[in-house]
Amino acid sequence: MNTKLSESNGEPCTWRHVSTVRGQALENLPSKDGKALSAEPTHILFPSEVRYVDLGSNNIIAGKADGVENVVRVKAAVKEFPGETNFSVITGDGSFFSFNVVYKEEPSTLNINMDQWMNPDEGEKKGGSSIRVTELGEEDPTVIASVMYTIHRLDRRDVKHIGCRQFGMQALLKGIYVHKDLIFFHVSLTNNSNVPFDVDFVRFKIVDKKIAKRTAQQETYIEPVRTLNALTRIEGKSTGRIVYAFPKIVIPDDKLLEVEIYEKGGGRHQRFYIENSDLVDARIVNELIGE
C-alpha cells in the first residue's frame, strides 16, 4: 500500500510505503547440515538518484546498490526480528520516501519499482524507471544500448584515415560519434589470412605525441564503460566489428589516443592513433538516423 502525503507545489513530495520488504538476515544463515545459506535482498528502484538513506533500527541494513545510483538494496540484519521497523530515502528530485518493514521469510515481492507503486497505471505503460549506473552518469542504460546498436547496425564508415594494416590483419576506426557526455568508437578488425586471430585484449591509452630521447613517456589508460559485440576471435577471411562507449574524451593537441589490439599467443598486434581533432569532429548519433 502507498499513500501520497503531500503534493509538490514547489515542495518535495513525500510518500509512505508500507510493505514487507525482505525477510532475510544480512549474514549467511546456517542450515541443519552446517552449510551456509545465502540470502537475497530486496531491491527498490527509485525514479531518480538516491541521496540519503536513514535506518530506523539495527534490525535491517539498507544502502545504494554497488555502481547504481537509483537502486536501494535492503536486508534484515536480524533473522525474524519482532514487530516492525522503518527506513527513509531522499532522492535527487526532492522526494521523501518512508518505508515500514516487517520480517517475512518468503516475501511476495523482491523487486519494487516506485514509479509503478506511485503511478500504477502509467508505470505499466512506460515500464517504470530505468536503472542509472554510476559510470553512465545521468544517461539511461537502455538509451545507450540503443545508440550503440544503431551505430553497429548502420555500419557506416565516416572516418577514412585512421587504422592499421599489417601481418595480414587490418584494424580500422570506422566512426567516432557523440551522444550527450558519451563518445563512441566503431572499430572493425579484418583477418585477410587463413589463420584465425584470437584477441587477447584491446587497450586504450593517452600518450605523448612527440617523445624526446631518454624521456619517460607519460601514459594514461582509459576504459570503456560499455562494449557492444566484444570480439574474442576473428576467423580466417572474415571481419568483426565492435562499438565502444567512453565518457567524454578531450586530449591536448600534443597527445594522442593510442588503440592497441593484441593477439593472444601471437605477434600480429594492431595499433592506431586518434588525435584530438578527430575527437572534436565526432558526429552526432541522432543525425545518422535522419540520413
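Note that the structure is predicted; figures quoted are calculated from it, not measured. If you read the sequence from its start, that first residue is 1, and numbering goes on from there.
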>> Please give the remaining members of the hydrophobic cluster of Phe167, linking ILVMFWY side chains under 4.5 Å, ordered by chain and number.
In response: none
> Taking atom OG of Ser146 and atom CD1 of Ile151, what is their separation to the nearest 0.5 Å?
Replying inline: 10.0 Å
>> So does Asp253 get a backbone contact from the side chain of Lys209, meaning a donor-acceptor N/O pair under 3.5 Å?
In response: yes
>> Tell me whether the count of non-hydrogen atoms from other residues, nucleotides or ligands lying under 6.0 Å of NZ in Lys255 goes above 12.
In response: yes
> Once the angle between the rings of Phe81 and Tyr103 is folded into 0 to 90°, is it parallel (under 30°), tilted (30 to 60°) or perpendicular (over 60°)?
Replying inline: perpendicular
>> Would you call the rings of Phe87 and Phe99 parallel, tilted or perpendicular, taking 30° and 60° as the class edges?
In response: parallel
> Do the rings of Phe246 and Tyr244 sit parallel, tilted or perpendicular, given the 30° and 60° boundaries?
Replying inline: tilted
>> Run the side chain to side chain donor-acceptor pair (under 3.5 Å) test on Ser193 and Arg268 for me, step by step, so that the C-alpha distance in whole Å, both residues' side-chain angles and the decisive distance to 0.1 Å come before the verdict.
In response: CA-CA 11 Å; Ser193 74; Arg268 294 179 291 174; 3.2 Å; yes
> Would Lys205 and Glu260 count as a salt bridge (charged side-chain N to carboxylate O under 4.0 Å, His left out) if you check the C-alpha gap in whole Å, the side-chain angles of each, and the deciding distance to 0.1 Å?
Replying inline: CA-CA 9 Å; Lys205 61 181 178 180; Glu260 299 174 299; 3.8 Å; yes
>> Same cluster or not: Leu288 versus Leu172, using hydrophobic residues (I, L, V, M, F, W, Y) connected whenever any side-chain heavy atoms lie under 4.5 Å apart?
In response: no
>> Atom CD1 of residue position Ile222 - does it have more than 12 heavy atoms of other residues, nucleotides or ligands inside 6.0 Å?
In response: yes
Validation: residues 228-236 side-chain donor-acceptor distances under 3.5 Å, sequence neighbours left out:
{"residue": "Asn229", "atom": "ND2", "partner": "Arg241", "partner atom": "O", "Å": "2.6"}
{"residue": "Arg233", "atom": "NE", "partner": "Glu235", "partner atom": "OE2", "Å": "2.8"}
{"residue": "Arg233", "atom": "NH1", "partner": "Asp198", "partner atom": "OD1", "Å": "2.8"}
{"residue": "Arg233", "atom": "NH1", "partner": "Asp198", "partner atom": "OD2", "Å": "3.2"}

> Is it true that a side-chain atom of Asp278 and a backbone atom of Glu275 form a donor plus acceptor pair closer than 3.5 Å?
Replying inline: yes
>> To the nearest 0.5 Å, what is the distance between CD1 on Ile60 and CD on Glu84?
In response: 11.0 Å
> So, does Asn191 use its side chain to make a donor-acceptor pair with the main chain of Val195 at under 3.5 Å?
Replying inline: yes
> Counting N and O atoms only, with roles assigned by atom type, does the side chain of His179 sit under 3.5 Å from a partner on the main chain of Ile144, one being a donor and the other an acceptor?
Replying inline: no
